[in-house]
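Remarks on the structure that follows.
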Amino acid sequence: KHMAASSGGLLSFAGVVLVQFMVGLPMAIIFKIPPPPDIILCFLPAAWVYFNHANINLSFGRFGWLLVSPNYHRIHHSLEPKHFDKNFALWFPIIDIVFGTYYKISPNEIPETGVHGVEINSFSEGFFYPIKSWLKGKSTNHKL
């Protein structure tokens, strides 16, 4: 039960890519951003989601209030009750501060992560879990 970069893709990788093209590409056209920056802008949000879900011990130290790190967002996926409904932000912690969902992590706080009742033991299980759940008629939105 560990958070990993693939945790960010529980929408399914295909869903993440489609969202980038459905949002990023029209924005590039509307604002007339030339290639290759438009390609980078399309995939930066997806890359950031994967970065924040990576199973790495990384925080931004005293700059942690400016930008979300993997350690900051790990709290959101923690199995510990004191962390439930905390640190939703993927970009800016100020969002959690404003909405009262901010949890300040201590330097050595690295909780176990996962979803109660779901066991993922390999990359392929995690990758295909949303598809298998949809085919079985189950929701992949589990309450921590």
Side-chain angles (χ1 to χ4, degrees), residues 1-31 33-134 138-144:
K1 296 181 180 178
H2 298 284
M3 193 162 76
S6 62
S7 302
L10 290 179
L11 298 170
S12 88
F13 182 73
V16 171
V17 171
L18 287 174
V19 166
Q20 302 318 312
F21 276 109
M22 293 170 59
V23 175
L25 195 55
M27 295 300 283
I29 293 168
I30 290 168
F31 293 107
I33 301 170
D38 62 345
I39 303 295
I40 294 168
L41 288 175
C42 285
F43 287 100
L44 181 62
W48 191 256
V49 168
Y50 281 96
F51 169 73
N52 277 331
H53 288 91
N55 189 21
I56 56 176
N57 181 6
L58 178 67
S59 70
F60 296 145
R62 61 185 169 143
F63 298 105
W65 63 274
L66 286 172
L67 203 57
V68 169
S69 69
N71 282 6
Y72 178 92
H73 190 68
R74 177 185 307 275
I75 296 300
H76 176 68
H77 296 280
S78 172
L79 293 171
E80 296 180 26
K82 68 181 180 179
H83 298 148
F84 290 0
D85 298 324
K86 301 292 181 190
N87 294 13
F88 289 90
L90 280 171
W91 289 87
F92 306 109
I94 190 72
I95 293 169
D96 285 312
I97 294 168
V98 167
F99 288 101
T101 56
Y102 177 79
Y103 178 90
K104 184 175 181 176
I105 59 174
S106 63
N108 296 320
E109 189 170 13
I110 304 173
E112 186 175 7
T113 59
V115 176
H116 291 288
V118 176
E119 185 76 26
I120 304 289
N121 296 306
S122 70
F123 177 79
S124 63
E125 281 183 33
F127 187 84
F128 290 110
Y129 176 76
I131 296 167
K132 288 179 180 178
S133 295
W134 295 331
K138 294 181 183 178
S139 169
T140 57
N141 296 322
H142 295 276
K143 179 69 177 155
L144 293 177

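These numbers come from a predicted model, not from an experiment.
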Approximate separation, where rounding is to 0.5 Å, of I56 CD1 and R74 CZ: 8.5 Å
Straight-line distance of F128 CZ to F123 CZ, nearest 0.5 Å: 8.5 Å
Parallel, tilted or perpendicular: ring planes of H116 versus F84, cut at 30 and 60 degrees: perpendicular
Distance, nearest 0.5 Å, that separates CG of N87 from CD1 of I105: 7.5 Å
Working for side chain to side chain donor-acceptor pair (under 3.5 Å), residues E109 and Y103: CA-CA 11 Å; E109 189 170 13; Y103 178 90; 2.9 Å; yes
Enclosure of W91 CH2 (heavy-atom neighbours >12, cutoff 6.0 Å): yes
Geometric class of the Y72/Y102 ring pair [parallel <30°, tilted 30-60°, perpendicular >60°]: tilted
Shortest non-hydrogen contact from P93 toward G64: CG-O, 3.2 Å
Test item: T101 side-chain N/O and D85 main-chain N/O as donor-acceptor pair under 3.5 Å: no
Steps toward side-chain contact (heavy atoms from CB on, under 4.5 Å) verdict (I95, F88): CA-CA 8 Å; I95 293 169; F88 289 90; over 6 Å; no
CA sep, side-chain torsions, deciding dist, call: L66, F60, side-chain contact (heavy atoms from CB on, under 4.5 Å): CA-CA 9 Å; L66 286 172; F60 296 145; over 6 Å; no
Exercise: identify the closest heavy-atom pair between K86 and G100: NZ-O, 3.9 Å
CD1-CG distance between I75 and D96, expressed to the nearest 0.5 angstrom: 11.0 Å
From N52 atom CG to L90 atom CG, the distance as rounded to the nearest 0.5 Å: 5.5 Å
Closest non-hydrogen atom pair, S69 against S59: OG-CA, 3.4 Å
Whether H77 and H73 hold their rings parallel, tilted or perpendicular, with breakpoints at 30° and 60°: perpendicular
Within 6.0 angstrom of N108 CG, more than 12 heavy atoms from elsewhere: no
Residue pair V68 / F92, side-chain heavy-atom distance below 4.5 Å: no
Side-chain touch H53/P70, heavy atoms, less than 4.5 angstrom: no
Stepwise side-chain contact (heavy atoms from CB on, under 4.5 Å) test for L67 and W48: CA-CA 11 Å; L67 203 57; W48 191 256; 3.7 Å; yes
Steps toward side-chain contact (heavy atoms from CB on, under 4.5 Å) verdict (N71, N57): CA-CA 6 Å; N71 282 6; N57 181 6; 2.8 Å; yes
Interatomic distance, L58 atom CG to F51 atom CZ [nearest 0.5 angstrom]: 5.0 Å
